[in-house]
Amino acid sequence: MENQLQIYNTLSRQKEVFEPIHPGKVGLYVCGPTVYGKAHLGHARPAVTFDLLFRYLKHLGYKVRYVRNITDVGHLANDADEGEDKIAKKARLDELEPMEVVQIYTNDYHKNMEKLNVLPPSIEPRATGHIIEQIDAVEKILKSGYAYESKGSVYFDVEKYAKNFPYGELSGRKIEDLQANTRDLDGQDEKHSPLDFAIWKKASPEHIMRWPSRWSDGFPGWHMECTAMSCKYLGETFDIHGGGMDLTFPHHEAEIAQSKAAFGHDSVHYWMHNNMITLNGQKMGKSLGNAISLDDFFDGNHTLLEKAYSPMTIRFFMLTAQYRSTLDFSNEALQAAEKGMDRLLKAVETLEKLDAKTESTVNIAELKDKCYAAMNDDLNSPIAIAHLFDGVKMINSIADGKASISVDDLEALKSLYSTFVFEIFGLKKPEAESSANTAAYEKAIDLLLQLRMEAKANKDWATADKIRDELANLGFVVKDTKDGFSWELK
RNA sequence: GGUCGGUUGGCCGAGCGGCUAGGCAGCGGUCUGCAAAACCGCGUACGGCGGUUCGAAUCCGCCACCGACCUCCA
């Protein structure tokens with residue numbers, strides 16, 4: 001079992017061996033952002049989580065079609081079905097065209113994802129680009145009898161559906177509980193039941209984002225886009241659907257209901273949900289007003305941030321927790337992640353310079369097995385990283401001459417680290433600038449340190465220390481090595 | 001109120017019945033002209049109270065506290 005990928009399926013509430021519908025191929029759909037604000041730390045969690053899954057599946061040899069949508073219509077700001085569209089609201093506040101808002105924040109999201117080294121998905125469909133498909137899905141549901149038209153809107157008939165299908169199976173809710181706990185909302189008169197949700201909504205006169213349909217000029221309900229677009233690009237049945245835990249209910253539950261009503265069967269084999277980022281133990285969210293944007297993290301411009309944190313620090317930080325656990329943000333935790341990652345990446349550099357001996361005193365095969373076993377156990381990246389740190393000790397010991405490694409093992413170790421650190425975990429070394437300018441200045445620093453070496457050879461400690469101290473004042477860290485020196489900026 | 005989840009050493013985080021991760025911080029040592037880095041060693045934590053068991057952080061019960069979802073949220 002250990003050598004097969006197992007993933008936790010929210011639907012069954014247990015880990016299951018992953019078996020794709022079509023051998024060698026995986027269809028993956030993940031709910032992307034609603035683009036009405038800057039990308040924040042919370043957005044990075046599912047992005048990094050499913051990027052890890054995407055990368056790992058590809059590493060295992062699967063051909064993966066990864067679809068991650070952009071929600072640019074249908075997401076209402078207030079009480080269900082009655083509020084203003086989030087995009088339209090932002091557009092009104094900023095005096096922009098709705099599509100301008102969408103473009104600005106889609107660009108922002110893309111820019112930040114690229115910084116985080118999150119691979120672009122295979123297809124990134126927009127809800128507004130799939131109105132026809134959504135209308136078509138609404139028609140299918142109407143035809144199957146699980147929806148009804150009311151005053152130009154179309155609602156999903158939850159109670160009727162619940163008679164034939166287990167509504168609430170994903171989120172663990174019972175229809176009776178939902179009925180008992182429904183809030184009193186205004187404007188529910190169009191619906192047969194408060195549990196019903198809009199799959200097509202008639203636009204009020206002032207509503208800008210609208211499309212014609214046989215029911216009304218209107219717009220699709222939020223849950224429709226994922227049903228329509230996943231079906232279009234991955235088929236009526238596909239392998240994995242992912243998203244944040246906060247989407248489990250009602251969004252994903254509604255998707256399941258829509259698919260079953262439209263197609264007569266389940267669409268998704270494995271439901272995966274990442275947990276939340278917390279701030280002082282509370283969920284970080286845009287609507288809670290405690291979200292810190294990724295831009296802020298990258299340049300340290302926020303009262304809660306002691307310093308700037310690089311995108312790779314954020315990425316590594318997320319990988320040090322298993323995706324189904326909450327992860328609590330703090331400066332201390334982030335700085336620990338930063339230093340830890342630095343140690344890991346330094347060891348990778350050291351690894352490149354290692355000399356092989358005839359015999360190994362280290363067990364590389366075992367290390368490798370452990371890393372894969374951890375990843376196969378529902379993407380347990382923190383365990384895999386722990387093993388990688390065991391390897392860091394090996395590497396440094398070998399560099400210190402306290403352990404030795406054979407030629408074959410050295411190749412295996414290099415391959416292991418390049419696979420896990422870069423290919424699967426998607427970490428990057430800090431960009432080495434290679435312009436003519438930097439080459440010249442690097443040589444100048446080297447020259448200074450050569451002079452320091454000479455001073456040291458002459459036991460002229462005053463001069464040696466002066467060079468080191470002055471460079472330190474400029475932000476250079478100088479270290480003596482066995483046969484020379486090394487330095488880095490900042 | 002309902003449903004689900006959590007409570008692990010200074011901090012972050014694994015663990016899912018015995019072999020007591022890992023990182024960061026800290027302490028001691030080795031190396032070094034000094035420093036840094038690196039290496040070696042150290043710290044025995046699992047909310048409380050009971051129970052099951054030869055044995056529990058891990059299973060069961062009760063209690064306490066925290067959180068998520070139930071309305072938009074990644």
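Chain naming here is simple, since letters A, B, ... match the order of the sequence lines and numbering starts at 1 in each. What you see below is based on every heavy atom in this structure, not just the backbone, and it leaves out hydrogens, waters and symmetry mates.
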> If pairing requires Watson-Crick or G-U wobble contacts with both distances under 3.5 Å, which nucleotide is the partner of U3(B)?
A68(B)

> In this structure, how many angstroms lie between the P atom of A35(B) and the CG atom of D480(A), rounded?
12 Å

> With a 4.0 Å cutoff (strictly under), does any side-chain N or O of K393(A) reach OP1 or OP2 of G22(B)?
no

> Go through the N and O atoms of the side chain of R173(A) and the base of C69(B), and report whether any donor-acceptor pair is under 3.5 Å.
yes

> Check this for me, if you would: do D465(A) and R468(A) make a salt bridge, where the nitrogen-to-carboxylate-oxygen distance has to be below 4.0 angstrom?
yes

> What's the closest nucleotide to the S330(A) side chain, out of G23(B), A68(B), C12(B)?
C12(B)

> On the nucleotide A14(B), are OP1 or OP2 found under 4.0 Å from the side-chain N or O atoms that S325(A) carries?
yes

> How long is the line joining CG of N275(A) and P of A14(B), in whole Å?
10 Å

> Where each residue is assigned the nucleotide of RNA chain B containing its nearest heavy atom, which of A462(A) and M341(A) is assigned the position nearer the 5′ end?
M341(A)

> Please determine whether a side-chain nitrogen or oxygen atom of N396(A) lies at a distance below 4.0 Å from atom OP1 or OP2 of C39(B).
yes

> With a distance cut-off below 6.0 Å to the six-membered ring centre and an angular limit of 45° from the axis, does K286(A) pair with Y36(A) as a cation-pi contact?
yes

> Restricting both atoms to N or O, compile the protein contacts to nucleotides 42-46 of chain B shorter than 3.5 Å, with distance only.
none

> Between I87(A) (CD1) and C72(B) (C1'), how many Å, whole number?
12 Å

> Let me spell it out: for each of D390(A) and F249(A), pick the nucleotide of RNA chain B with the closest heavy atom. Which residue's pick is nearer the 5' end?
D390(A)

> Has W461(A) got its ring stacked on G33(B), by the test of a centre gap below 5.5 Å and a plane angle below 30°?
yes

> How many whole angstroms separate atom CE of M245(A) from atom P of C70(B)?
14 Å

> K346(A) NZ to A36(B) P: how many Å, rounded?
14 Å

> Return no unless some side-chain N or O of K339(A) is found under 4.0 Å from OP1 or OP2 of A25(B).
yes

> Below 4.0 angstrom, N of the basic side chain to O of the carboxylate: do K90(A) and D94(A) qualify?
yes

> Rounded to whole Å, how long is the line connecting atom CZ of R13(A) with atom P of G5(B)?
7 Å

> Any side-chain N or O of R343(A) below 4.0 angstrom from OP1/OP2 of C39(B)?
yes

> Counting side-chain heavy atoms from CB outward, which of A37(B), A74(B), G13(B) is closest to P33(A)?
A74(B)

> Kindly say if N380(A) contacts the phosphate of G15(B), meaning a side-chain N or O under 4.0 Å from OP1 or OP2.
yes

> Return the value, rounded to whole Å, for the distance between atom CG of D196(A) and atom C1' of C70(B).
16 Å

> Between F317(A) (CZ) and C11(B) (C1'), how many Å, whole number?
11 Å

